[in-house]
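Written out below as structure tokens is the structure these notes cover.
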Protein chains: 2
Amino acid sequence: MMGPHWWYNRFRGWGYRLTIPRQAILEILSKSDKHLSAEEIYLEVHKEYPSIGLATIYRTLELLVQMGIVNKFDFGDGRARYELAEDSKGPKHHHHLICNVCGRVIDYRDFSEEEKNFFESLERNLSQRYNFEIKNHQVMFYGICDKCKGK
Amino acid sequence: MMGPHWWYNRFRGWGYRLTIPRQAILEILSKSDKHLSAEEIYLEVHKEYPSIGLATIYRTLELLVQMGIVNKFDFGDGRARYELAEDSKGPKHHHHLICNVCGRVIDYRDFSEEEKNFFESLERNLSQRYNFEIKNHQVMFYGICDKCKGK
DNA sequence: ATCGCAAATGAGAATCATTCTCAATTGAGA
DNA sequence: TCTCAATTGAGAATGATTCTCATTTGCGAT
Ligand SMILES: [Mn+2]
Ligand SMILES: [Mn+2]
Ligand SMILES: [Zn+2]
Ligand SMILES: [Zn+2]
């Protein structure tokens, strides 16, 4: 239900092993509230486990994305960024505002009830209309952030 | 208002030149209804203008994205994909359904009035809430397409 | 607790989309 | 037509991600 247990069962359910490197990576991801790149994760993991290689970071992230534990994003800075999709308290779903000028990424999760309901019903509608099973979605708004507006 | 005229004025407005390579690229983009990669555009352009190089394709696409004439997407296949943002008839805005299994990308632009209104009011709301000037947005739904559902 | 083996890993090489460099070309105002 | 900054082509350089393969490890079965 929480922490390691939860991960452990999830891995077993998929027939995967819960190894040290995988735990270390999940540990880092769950401690951070940022959008980490593979290399940033590698550097963090490396502090505790210097023997874990970058290739394992990439392989593990790919796995976690497949399992739906982690979300992968492209914010346009030339590298993929990763975020835990949920924590012990439940999903951390949110949308993004991305500044075209400075590249800043703002998370917003203060959804209105209306917004929440809208996306739910939209997903149901699309699933039917296109016979497409929707697992998740990403919403990004592009523009100019407050800091960059002042010229 | 349409075709070359429109592009020409747009370029002049930004202080850019409307050159042969730029026209050739816009020509290809406006003829296609697909999500083209830089290389695919290069190959098409190359048929008509063999002397135009790949670097110019990248440079031009970057410019067109800046100008808001072209939208850039990452559908997860390791290369950026480009689409004309608008044509002579107006904006071609739409959202995407992306299959996690086969990678297929489905455009949908048959928005309901409700959906259209929702995004408009959401953008106004977010602009105010975050003092963020929104220029455009991208919405992607991930899941399993009809073809891949039948196992 | 030990064994056997497929799954997972580390290190480094290989890929490959994208960006950079720089000399040559070109568009548009004067 | 003349001038010069903007643009381009070719190829090298970059850098994130993937691949290879020998070695290690988790875990079910003994
Ligand atoms: Mn986020
Ligand atoms: Mn599209
Ligand atoms: Zn900004
Ligand atoms: Zn599919």
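In this structure, the CZ atom of A/R12 is 15 Å from the P atom of C/dA7, given to the nearest Å. Regarding B/Y82, its OH atom lies at a distance of 12 Å from the P atom of C/dA17, rounded to whole Å. Here the C1' atom of nucleotide C/dA17 and the CG atom of B/L61 are 13 Å apart, to the nearest Å. If you measure from atom CD of A/Q23 to atom P of D/dT25, you get 15 Å, rounded to the nearest angstrom.
Taking 4.0 Å as the cut-off between side-chain N and carboxylate O, A/E40 and A/R81 count as a salt-bridged pair. Remark: A/D146 engages A/R104 in a salt bridge, criterion side-chain N to carboxylate O under 4.0 Å. A salt bridge is defined here as a Lys NZ or Arg NE, NH1 or NH2 lying under 4.0 Å from an Asp or Glu carboxylate O, and B/E86 with B/R10 meets this definition. B/K72 and A/D74 are not joined by a salt bridge, as no carboxylate oxygen comes within less than 4.0 angstrom of a charged side-chain nitrogen.
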Before giving the answer on ring-ring contact (aromatic ring centres under 6.0 Å, His included), spell out for A/F75 and A/H96 the whole-Å C-alpha distance, their side-chain angles and the decisive distance to 0.1 Å. CA-CA 9 Å; A/F75 294 134; A/H96 294 107; 4.9 Å; yes
May I have the step-by-step check of side chain to side chain contact (heavy atoms under 4.5 Å, CB included) for B/F132 and A/C145, ending in yes or no? CA-CA 5 Å; B/F132 189 105; A/C145 81; 3.8 Å; yes
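Within the 3.5 Å criterion, the main-chain N or O of A/V45 finds no donor-acceptor partner in the side chain of A/E48. In this structure, the side chain of B/S32 does not engage the main chain of B/I28 through any donor-acceptor pair within 3.5 Å. In this structure a side-chain-to-backbone donor-acceptor pair under 3.5 Å is present from B/R109 to B/K92.
For the pair B/Y58 and C/dT19, the criterion of a side-chain N or O lying under 4.0 Å from OP1 or OP2 is not met. Residue A/R79 places none of its side-chain N or O atoms closer than 4.0 Å to OP1 or OP2 of C/dT18.
Two end axes, each from the C1' atoms of five base pairs, can be drawn for the helix from C/dA1-D/dT30 to C/dA30-D/dT1; they diverge by 50°, to 10 degrees.
Contacts between residues 66-78 of chain A and DNA chain C, counted as heavy-atom distances below 4.0 Å, involve no residue at all. Shown for residues 32-40 of chain A: no residue has heavy atoms falling under 4.0 angstrom of DNA chain D.
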Reading nucleotides 2-10 of chain D from 5' to 3' and marking B where a protein heavy atom lies under 4.0 Å of the base, S where only the sugar-phosphate is that close, and - otherwise, the string is ---BBSBBB
Report, one line per pair, each donor and acceptor closer than 3.5 Å where one atom sits in a side chain of residues 116-126 of chain A; sequence neighbours left out.
unit_1, atom_1, unit_2, atom_2, d
A/N117, ND2, A/E113, O, 3.3
A/E123, OE2, A/H137, ND1, 2.6
A/N125, OD1, A/R129, NE, 2.9
A/N125, OD1, A/R129, NH2, 3.1

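The closest side-chain heavy-atom distance from B/F141 to A/Q138 is not below 4.5 Å.
Applying the side chain to side chain donor-acceptor pair (under 3.5 Å) test to A/E83 and every residue at least two apart in sequence or in another chain returns A/H35, A/H94.
Using modelled atom types, one finds no donor on one side chain facing an acceptor on the other under 3.5 Å when comparing A/N100 with B/K135.
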